[in-house]
Number of protein chains: 2
Amino acid sequence: MTTGTRKRARRGEGAALHTEILDAARQLLAETGSDEAVSVRAVAERVGVSTPSIYLHFADKDALIDAVCESVFADLGQAMEAAAEGVADPFDALKERGLAYVRFALANPEHYRIVLMSRGNAANSAAHMLTTSTYQNLVESVRQCQQAGVFSRDSDPTELGTSLWAAAHGIAALLISNPALVDPDHQMLVVEQVISAAGLGLALLQRIPQQAGDPCPADLVAGLDAALGPPQAYVGPVGS
Amino acid sequence: MTTGTRKRARRGEGAALHTEILDAARQLLAETGSDEAVSVRAVAERVGVSTPSIYLHFADKDALIDAVCESVFADLGQAMEAAAEGVADPFDALKERGLAYVRFALANPEHYRIVLMSRGNAANSAAHMLTTSTYQNLVESVRQCQQAGVFSRDSDPTELGTSLWAAAHGIAALLISNPALVDPDHQMLVVEQVISAAGLGLALLQRIPQQAGDPCPADLVAGLDAALGPPQAYVGPVGS
DNA sequence: TGTACATCAGTGAACGCGCGTTCACTGATGTAC
DNA sequence: TGTACATCAGTGAACGCGCGTTCACTGATGTAC
């Protein structure tokens, strides 16, 4: 059932098919959302080429899936950078990155799922991830917040970055697995709440005295009330 | 290759095999961590029974996997309740629930993975999840924090619960996918930081004036500094 | 108490399926002379 | 300019595999008389 509509590549133009295969795999992934469902056969058919042709361009199925993950992860990083571009305040920039992260995840749920919610692809491995510019940019963003006095300069920026990442990943993953968990109208509000709370919470946590035993939580809350007033239901920032 | 070591159940004792199958599936899942890897054949062999016997107790493979998820999710809920038991302060109790959640996830990574990180099992569906006591207990815990003045009484407790859940799920999922992301010695410290920051962050967020436009983040941080002093690197609560 | 029979937990063998991968091949493209 | 040849992108058919599931069966257990 090969379609045969494709023209054969000229000498040295094999790279074109390489890209087409990658794109087709991404497409298929977006439609099905599972690497199990993206079969070598299906990719070949989508491209309009015979199944064994895939092996001319990728060593095996894993290599293909890994390449897809790599490219999705790079796009995620780009979305984050674009969102932070031109934002002067580093704490704001950090938040924008976080929001862009979740926006990307919700806009590309099936891609996000395979890159960050499934097991055993090379892209999703600590050793590799820590070297990506996507992650390095996040850490750099945290570092700028440390310089600006939001977080302590004595903290490990990668550790803070991981904590913030966890918040973004958590709400993204939860909403992807379970879109009905929150009312669609409130969805971005909840996302924003989670992202903001993670950043503010870490900043606050670093300002609570740790030496003299746990300040009891009731006192802590009383302190917040004294300084800032009683809590109000969150209705989101005016600007969004 | 059926082992045949089992004795046949007496009349009306079919339920025993039902339980044995469930346990074997959980065992297998813990070893492999993927519902794809848990095959009906493998489960049958583990129990010491022929493959078709499984169908005497479960309609099909999905029903079996769903039953496993159900039971894991119930255990998770129990772990959370046990951790919160006897903790007087509701904000503390909420935190203990969160810590227990992540501890359970890290102790049972493969079980956690299939219940909360994979797609398409009945247990992991919003409609069902919202009715579980595991989730209801979390919401109740949030509600008690509202009564105690930690969070506004005007907030939606399920929405706050979801936000807190996101933080716990995020760090759990990240560390399960990627254990090397943080130094093992710091692992629980990071977890605690994320959980605490989520709770504190939401409490703080509700105390920031929202009417008169965004308070600019620099002012916000300056306010924290004025009230509480400059940030210090987090070294964790004394008590843990 | 003994025997014929119904019940039902569990079995062995087979089904069709889609998968990743391999292999010997074809035939258009470019090159050497 | 023409021809023989090397190259290499792409193919068709087949491989073995493990899977979920079905089906006609077996034989121990309990029951009716």
Side-chain angles (χ1 to χ4, degrees), chain A residues 1-25 28-29 31-68 114 118 120-122, chain B residues 1-25 28-29 31-68 114 118 120-122:
Chain A
M1 190 100 30
T2 50
T3 62
T5 60
R6 263 189 68 79
K7 276 166 198 155
R8 176 215 202 81
R10 323 279 288 237
R11 289 274 180 100
E13 292 181 7
L17 184 48
H18 182 99
T19 306
E20 274 186 70
I21 291 171
L22 214 58
D23 288 350
L28 237 28
L29 197 53
E31 289 164 19
T32 66
S34 153
D35 55 333
E36 310 282 340
V38 176
S39 68
V40 175
R41 285 171 154 87
V43 171
E45 195 186 348
R46 174 66 58 107
V47 175
V49 104
S50 76
T51 308
S53 289
I54 304 297
Y55 291 89
L56 260 26
H57 299 273
F58 296 90
D60 54 20
K61 191 194 175 183
D62 278 355
L64 172 57
I65 297 289
D66 283 348
V68 170
I114 197 179
S118 78
N121 60 68
Chain B
M1 188 106 22
T2 50
T3 63
T5 60
R6 264 188 68 81
K7 277 166 199 155
R8 175 216 202 81
R10 323 278 288 238
R11 291 275 180 100
E13 294 180 7
L17 184 48
H18 183 98
T19 307
E20 274 186 70
I21 291 171
L22 213 58
D23 288 349
L28 236 29
L29 197 53
E31 288 164 21
T32 66
S34 152
D35 55 332
E36 309 282 342
V38 176
S39 68
V40 175
R41 284 171 156 86
V43 172
E45 194 187 348
R46 174 66 58 105
V47 176
V49 104
S50 75
T51 307
S53 289
I54 304 297
Y55 291 88
L56 260 27
H57 299 272
F58 296 91
D60 53 21
K61 192 193 173 182
D62 277 356
L64 172 56
I65 296 289
D66 282 349
V68 170
I114 198 180
S118 78
N121 60 67

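A note on names: the letters A, B, ... follow the listed sequences, proteins ahead of strands, and every chain is numbered from 1. Just so you know, these numbers come straight off a predicted model, no measurement behind them.
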[X] to [Y] - nearest heavy-atom pair and separation:
| X | Y | value |
| --- | --- | --- |
| A25(A) | L64(A) | CB-CD1, 4.1 Å |
| V38(B) | K61(B) | O-CE, 3.0 Å |
| H57(B) | H18(B) | O-ND1, 3.5 Å |

As a test of reading the structure: which of [options] is closest to the side chain of [X], going by heavy atoms?
| X | options | answer |
| --- | --- | --- |
| Y55(A) | dT21(D), dT11(C), dG20(C) | dG20(C) |
| V49(A) | dG10(D), dA9(C), dC19(C) | dG10(D) |
| L17(B) | dG20(C), dC19(D), dG10(C) | dG10(C) |

[X] side chain N/O closer than 4.0 Å to the phosphate oxygens (OP1, OP2) of [N]?
| X | N | answer |
| --- | --- | --- |
| S50(B) | dG10(C) | no |
| S53(A) | dG10(D) | no |
| H57(A) | dG10(D) | yes |

Value in whole Å for how far the [atom2] atom of [N] lies from [atom1] of [X]:
| X | N | atom1 | atom2 | result |
| --- | --- | --- | --- | --- |
| D62(B) | dT21(D) | CG | P | 7 Å |
| I54(B) | dT21(D) | CD1 | C1' | 13 Å |
| E45(B) | dG10(C) | CD | C1' | 17 Å |
| K61(A) | dC19(C) | NZ | C1' | 8 Å |
| F58(B) | dA9(C) | CZ | C1' | 15 Å |
| D60(B) | dT22(D) | CG | C1' | 13 Å |

Any strand counts, and the cut-off is 3.5 Å on both contacts for Watson-Crick or G-U wobble. Which nucleotide pairs with [N]?
| N | value |
| --- | --- |
| dC23(D) | dG12(C) |
| dG2(D) | dC33(C) |
| dC17(D) | dG18(C) |
| dT7(D) | dA28(C) |

By nearest nucleotide on DNA chain C, pick out whichever of E36(A) and P52(A) is the more 5' one.
-> E36(A)
Residue pair F58(A) / D66(A), side-chain heavy-atom distance below 4.5 Å | no
L28(B) CG to I21(B) CD1 distance, which is reported to the nearest 0.5 Å | 12.5 Å
Can a donor-acceptor pair under 3.5 Å be found between the side-chain atoms of R41(A) and the base atoms of dG18(C)?
-> no
